[in-house]
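Structure, as structure tokens:
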Number of protein chains: 2
Amino acid sequence: MATDQTRTAILTAAERLYAERGFSEVTLRDIVAEANVNLAAVNYHFGSKDELIAELFVTRSIALNRERLRELRAAEEAGGGRADISDILRALVGPILRGCLGPENQRSPVAQFMIRASIESVPPIRRIKTKEIDHLRKFAGAMRRALPDSAEVDLFWGLHFALAMAHHTIRESERLTKLSDGQCDLDDVEDVIARVVRGAVLGLTARDQAAKSKVKVAAREAR
Amino acid sequence: MATDQTRTAILTAAERLYAERGFSEVTLRDIVAEANVNLAAVNYHFGSKDELIAELFVTRSIALNRERLRELRAAEEAGGGRADISDILRALVGPILRGCLGPENQRSPVAQFMIRASIESVPPIRRIKTKEIDHLRKFAGAMRRALPDSAEVDLFWGLHFALAMAHHTIRESERLTKLSDGQCDLDDVEDVIARVVRGAVLGLTARDQAAKSKVKVAAREAR
DNA sequence: AATAGTTTCATACAATTGTTTGAAACGCAA
DNA sequence: TTGCGTTTCAAACAATTGTATGAAACTATT
């Protein structure tokens with residue numbers, strides 16, 4: 001056995017390169033060069049390039065979802081079965097943000113790979129991705145319990161927007177840094193998480209203000 | 001001259017295919033088959049595949065930015081030099097959302113192409129994309145005038161989150177529909193725009209609640 | 001030491017990619 | 001019509017891709 005050095009070497013090399021350059025920009029030859037293994041090793045150990053990608057994605061996807069659910073359950077237990085909406089959303093976006101941002105994780109492409117996977121639409125991943133909806137439904141359920149008076153459609157939008165802010169922050173971190181001249185500190189991961197969660201929670205809870213805002217818009221459009 | 005049928009045939013075919021499948025999944029042969037022209041026509045008229053992509057991107061990018069600025073200026077004029085923050089963000093996300101969503105635009109890949117371009121990191125576009133930051137700075141400036149008491153870093157985050165929600169909604173429209181069992185109606189474009197703008201505005205203006213929220217978090221972490 | 005099973009390796013293969021070529025077809029002024 | 005510049009076309013090109021092959025090297029049980 002010997003924990004199969006070649007296999008893991010390929011996996012880590014592939015993940016790093018995919019995270020850095022994207023799927024379509026990385027060839028098998030790039031991977032084996034990075035892993036210092038023979039070209040045929042990929043097909044020998046994984047069968048095909050697609051199966052390598054799929055294995056990477058499934059592994060990371062399971063780990064991410066497990067961490068998310070762990071934090072969600074912890075929050076619900078702490079709240080006696082009904083978690084605070086902030087904690088629910090923190091469980092949703094925290095793990096992926098912690099995995100992608102921060103000075104220490106800049107070099108560790110573990111979660112950066114997941115973002116790539118969620119962005120680029122490559123066949124082997126597209127085939128698997130349907131299951132993520134079931135995973136998100138669990139969070140929608142927790143949100144429903146946390147905000148029983150909210151309309152369900154608003155909960156879905158809130159969940160969607162939370163993921164939007166998290167993913168977009170990871171994808172466009174470089175641009176945001178440039179745009180803000182470094183004022184937006186993407187290395188302060190917990191601050192980023194707090195901003196994302198706060199933004200999503202505000203949209204979900206500030207209902208009275210929404211009414212005010214609507215009146216204002218209506219007034220503006222009336223004149 | 002004759003308006004160069006071949007050129008435009010290639011452009012529209014390429015844009016449609018790129019919007020549908022993504023850059024890496026479309027070959028020159030796919031494009032020329034769709035456009036009913038000879039393979040060599042692409043290199044004859046555009047020089048290379050990269051230059052074709054670049055021309056597409058630049059053209060669309062200019063049109064989108066022009067529309068955004070037009071709406072921004074209209075809002076600022078209506079407000080006597082100081083536009084409402086909602087209107088500023090509406091000018092930012094409205095054009096791209098209108099171009100991508102809605103039942104009539106589902107088939108028109110004009111703006112869908114732009115999303116692909118902003119997602120997939122293809123070299124010819126990456127080279128151009130830096131200019132977009134200058135464009136966004138104009139919106140940051142307008143936001144500063146609208147909310148002079150806000151910290152600049154918060155404005156950048158608000159701008160960033162507004163784009164996040166807009167882009168993510170376009171990218172993941174299918175998933176959101178599935179997740180919500182069709183409750184989130186992505187054909188109602190103006191409702192989507194209103195939700196995105198409202199979410200971003202809340203994050204920018206609900207300052208008092210932020211303080212409350214922080215206290216709450218601190219309390220939770222203290223125990 | 002001998003053998004059977006596993007893993008590695010250099011190399012070749014077939015397919016696909018963007019690009020080039022040179023001749024044919026076309027458009028149109030002289 | 002003639003001639004010239006532009007555009008089209010079929011074919012070929014060189015490079016790159018994922019994959020397959022069969023021999024060699026290795027590992028470990030007997």
Side-chain angles (χ1 to χ4, degrees), chain A residues 1-58 113 116-117 120-128, chain B residues 1-58 113 116-117 120-128:
Chain A
M1 289 205 188
T3 67
D4 221 356
Q5 291 187 359
T6 307
R7 249 187 85 95
T8 59
I10 291 174
L11 283 173
T12 61
E15 187 166 47
R16 223 187 65 183
L17 291 177
Y18 283 145
E20 280 175 5
R21 303 187 213 159
F23 294 102
S24 53
E25 308 291 326
V26 176
T27 72
L28 284 187
R29 284 167 177 82
D30 293 333
I31 295 172
V32 298
E34 181 80 9
N36 280 313
V37 300
N38 187 269
L39 173 59
V42 174
N43 289 279
Y44 177 78
H45 285 281
F46 299 93
S48 70
K49 188 194 184 185
D50 279 9
E51 288 175 84
L52 166 63
I53 295 179
E55 172 157 341
L56 271 173
F57 180 69
V58 169
F113 168 85
R116 282 280 185 196
E120 295 181 41
S121 173
V122 45
I125 289 181
R126 230 186 142 62
R127 256 177 268 133
I128 306 169
Chain B
M1 292 196 185
T3 66
D4 222 313
Q5 289 187 0
T6 307
R7 249 187 86 95
T8 57
I10 292 174
L11 284 172
T12 60
E15 186 167 45
R16 224 188 64 185
L17 291 177
Y18 282 146
E20 279 175 7
R21 303 187 214 160
F23 293 103
S24 53
E25 307 291 329
V26 176
T27 72
L28 283 188
R29 284 167 178 82
D30 293 334
I31 295 172
V32 299
E34 181 80 10
N36 280 312
V37 300
N38 187 268
L39 173 60
V42 173
N43 289 279
Y44 177 79
H45 284 282
F46 298 92
S48 71
K49 187 194 185 184
D50 279 8
E51 289 175 83
L52 167 63
I53 295 179
E55 172 158 339
L56 271 174
F57 181 70
V58 169
F113 169 84
R116 282 279 185 197
E120 294 179 42
S121 172
V122 46
I125 289 182
R126 233 186 140 62
R127 257 177 267 133
I128 306 169

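All values below were derived from every heavy atom in this structure, side-chain atoms included, with hydrogens, water molecules and symmetry-related copies excluded. The sequence lines fix the lettering, A, B, ..., with proteins before strands; numbering per chain opens at 1. Note that the coordinates shown come from a computational prediction; the quantities given were computed from them, not determined experimentally.
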Review point. When the distance from CG of A:D50 to P of D:dG18 is rounded to whole Å, what number comes out?
Key: 10 Å

Review point. Taking CG from A:L39 and P from C:dA12, how many angstroms apart are they, rounded to a whole number?
Key: 14 Å

Practice item. Measure from CG on B:N38 to P on C:dG18 and round the result to the nearest Å. Key: 15 Å

Review point. Distance check: side-chain N/O of B:N43 vs OP1/OP2 of C:dG18, anything under 4.0 Å?
Key: no

Point to revise | B:D30 to B:E25 - nearest heavy-atom pair and separation | key: OD2-O, 3.9 Å

Check your understanding: D:dT17 P sits how many Å from A:I31 CD1, rounded?
Key -> 11 Å

Exercise for review: Take atom CZ of A:F46 and atom C1' of D:dG18, then tell me their distance rounded to the nearest Å.
Suggested key: 15 Å

Review point. Does a side-chain N or O from A:T6 land closer than 4.0 Å to OP1 or OP2 of C:dT8, or not?
Key: yes

Check your understanding: Whole-Å distance between C:dT17 P and A:L28 CG?
Key -> 16 Å

**Study point:** For A:E51, side chain to side chain donor-acceptor pair (under 3.5 Å) partners two or more places apart
**Key:** A:S48

Review point. For the pair made of CD in A:E25 and P in C:dG18, what is the distance, rounded to whole Å?
Key: 12 Å

Study note, to complete from the structure: Per atom distances to the B:H45 side chain, the nearest of C:dT17, C:dT8, D:dT8 is D:dT8

Exercise for review: Using a heavy-atom cut-off of under 4.0 Å over every strand shown, decide if B:A41 touches base, sugar-phosphate, or nothing.
Suggested key: nothing

Point to revise | 5' precedence on DNA chain D between A:D30 and A:G47 (nearest-nucleotide basis) | key: A:D30

Check your understanding: Considering only side-chain heavy atoms of B:Y44, which listed nucleotide, D:dT6, D:dT19, C:dG18, is closest?
Key -> D:dT6

Point to revise | A:R16 CZ to A:R21 CZ distance, which is reported to the nearest 0.5 Å | key: 9.0 Å

Point to revise | Selected nucleotide, minimal atom distance to A:A40 side chain, candidates D:dT21, D:dC9, D:dT7 | key: D:dT21

Check your understanding: Rounded to the nearest Å, what distance is computed from the NZ atom of residue B:K49 to the P atom of nucleotide D:dA15?
Key -> 19 Å

Exercise for review: Give me the ring orientation class for B:Y18 and B:F113: parallel if the planes are under 30° apart, tilted from 30 to 60°, perpendicular past 60°.
Suggested key: tilted

**Study point:** Salt-bridge contact B:R7-B:E55 (side-chain N to carboxylate O under 4.0 Å)
**Key:** yes

Practice item. When you get a sec, tell me which of C:dA12, C:dT17, D:dA11 is the closest nucleotide to the side chain of B:R29? Key: C:dT17

